[in-house]
Amino acid sequence: MVSKVIISIDGTSSTGKSTIARRIAKKLNFTYIDSGSMYRAVTYFCLKNGIIFNNKIEKKKLSENLEKILIDFKLNPINSQNEISLNNNFIDSKLRSLEIAEHVSKIAKQKNVRNFILKIQHHYSKKNNIVMDGRDIGTVVFPNAKYKFFLTASSKTRAKRRYHEMKKNGLNISFSDVLENIITRDKDDSTRTNSPLKIPDDALTINTEKLSLDELEKIILDHIKNN
Ligand code: DC
């Protein structure tokens, strides 16, 4: 069997990973997998089912319930995009709230949650050429990915992007809350014991601060073409 091609795009939150990963997948006719949405979906499930209670995770309840979580990626007929579904419901639009953002790092550092998600990530790579974005894709999930990218930008620029996106989606939030959440999540994601955010040794690091999406896309596609 010819092995599938994996493109990993890691980086801190709101560096434009998902947007560019989706574009690159479309250009190359690969499947796009948003790994952050998996951690957000588990967080959503935990909030809905009392597994996160008073800002704390009920760890026993979490491990008892993990097998009740069915995460899949399929075509959403409403917007024709490959999107996450949780127990057969498309929920992507519910995953972008500040409430989810405030709890997701706690969930993402649980070893059993990471192992659970790792299995799903590996399952997809068996069937398809994929572009996957996240924090640990090039380091832990697919250390042998053929092409690896790591995106960066200042926390202020990233907060501005996330703030405008949330406003556009009708969420009532303040810029300072978004900025604070980004700084806290950067710290939590890069200092956790399990699969911390770090730059893969063999990744191309790109600062997206002053790049348009077209410019970023060109850098990534040129790198793929030349390597
Ligand atoms: O990319 P995002 O903001 O949607 O990710 C949400 C959270 O999920 C992020 O704060 C950390 C976690 N995450 C992770 O730990 N590992 C990944 N591969 C992707 C996301």
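All ligand and atom numbering here is 1-based and tracks the order in the structure. The first residue of the sequence shown is numbered 1, and numbering continues consecutively from there.
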- Task: Using a strict cut-off of 4.0 Å, indicate which atoms of ligand 1 neighbour a heavy atom of V104.
- Result: 7 (C), 8 (O), 10 (O)
- Message: Pairs of nitrogen or oxygen atoms closer than 3.5 Å, one from S35 and one from ligand 1: do any exist?
- Response: yes
- Query: Which residue and non-hydrogen atom of the protein lie closest to atom 16 (N) of ligand 1, and at what distance in Å?
  - Reply: R114 NH2, 3.0 Å
- Task: Give the single entry among R185, R40, R158 that approaches atom 4 (O) of ligand 1 most closely by any heavy atom.
- Result: R40
- Task: For S105, counting its heavy atoms only, list the atoms of ligand 1 lying under 4.0 Å from any of them.
- Result: 10 (O)
- Task: Would you tell me whether N49 and Y44 have side-chain atoms, one donor and one acceptor, within less than 3.5 Å of each other?
- Result: no
- Query: So is R192 polar-close to ligand 1, meaning N/O to N/O under 3.5 Å?
  - Reply: yes
- Are N88 and K74 close enough that a side-chain donor and a side-chain acceptor fall under 3.5 Å? yes
- Task: Answer yes or no: does an N/O atom from D34 fall short of 3.5 Å to an N/O atom of ligand 1?
- Result: no
- Message: Residue-level breakdown please: for M132 versus ligand 1, do any non-hydrogen atoms fall below 4.0 Å on the side chain, on the backbone, on both, or on neither?
- Response: neither
- Carboxylate-amine/guanidinium proximity below 4.0 Å for R23 and D214: yes
- For atom 12 (C) of ligand 1, what's the nearest protein heavy atom and its distance? A108 CB, 3.7 Å
- Reference residue S14; test side chain to side chain donor-acceptor pair (under 3.5 Å); the match among R162, R185, R158, K160: R162
- Proximity of D136 to ligand 1 by residue part, where a heavy atom lies under 4.0 Å: both
- Considering residues at least two apart in sequence or located in another chain, which fulfil the salt bridge (charged side-chain N to carboxylate O under 4.0 Å, His left out) criterion with R96? D34, D92
- Item | M38 contact mode with ligand 1 (heavy-atom cut-off under 4.0 Å) | neither
- Task: Could you tell me whether R161 and E165 make a salt bridge, using a distance below 4.0 angstrom between a side-chain N and a carboxylate O?
- Result: no
- Query: Any N or O on Y39 sitting closer than 3.5 Å to an N or O of ligand 1?
  - Reply: no
- Message: Under 3.5 Å, is there a donor on one side chain and an acceptor on the other for T15 and T12?
- Response: no
- How are the rings of F149 and H223 set relative to one another: parallel (under 30°), tilted (30 to 60°) or perpendicular (over 60°)? perpendicular
- Please state which part of I137 comes within less than 4.0 Å of ligand 1, counting heavy atoms only: side chain, backbone, both or neither. side chain
- Query: Is any NZ, NE, NH1 or NH2 atom of the basic residue among D136 and R114 found under 4.0 Å from an Asp or Glu carboxylate oxygen of the other?
  - Reply: yes
- Sidechain N-carboxylate O distance under 4.0 Å for D10, R135: no
- Message: Would D189 count as a polar contact of ligand 1, with the cut-off being nitrogen or oxygen pairs under 3.5 Å?
- Response: yes
- Using distance alone, determine whether S37 and ligand 1 share an N or O pair under 3.5 Å. no
- Note on the structure: Logged contact type for K109 with ligand 1, heavy-atom cut-off 4.0 Å, is neither
- Name the closest protein heavy atom to atom 17 (C) of ligand 1, giving the residue it belongs to and the distance to 0.1 Å. R135 N, 3.3 Å
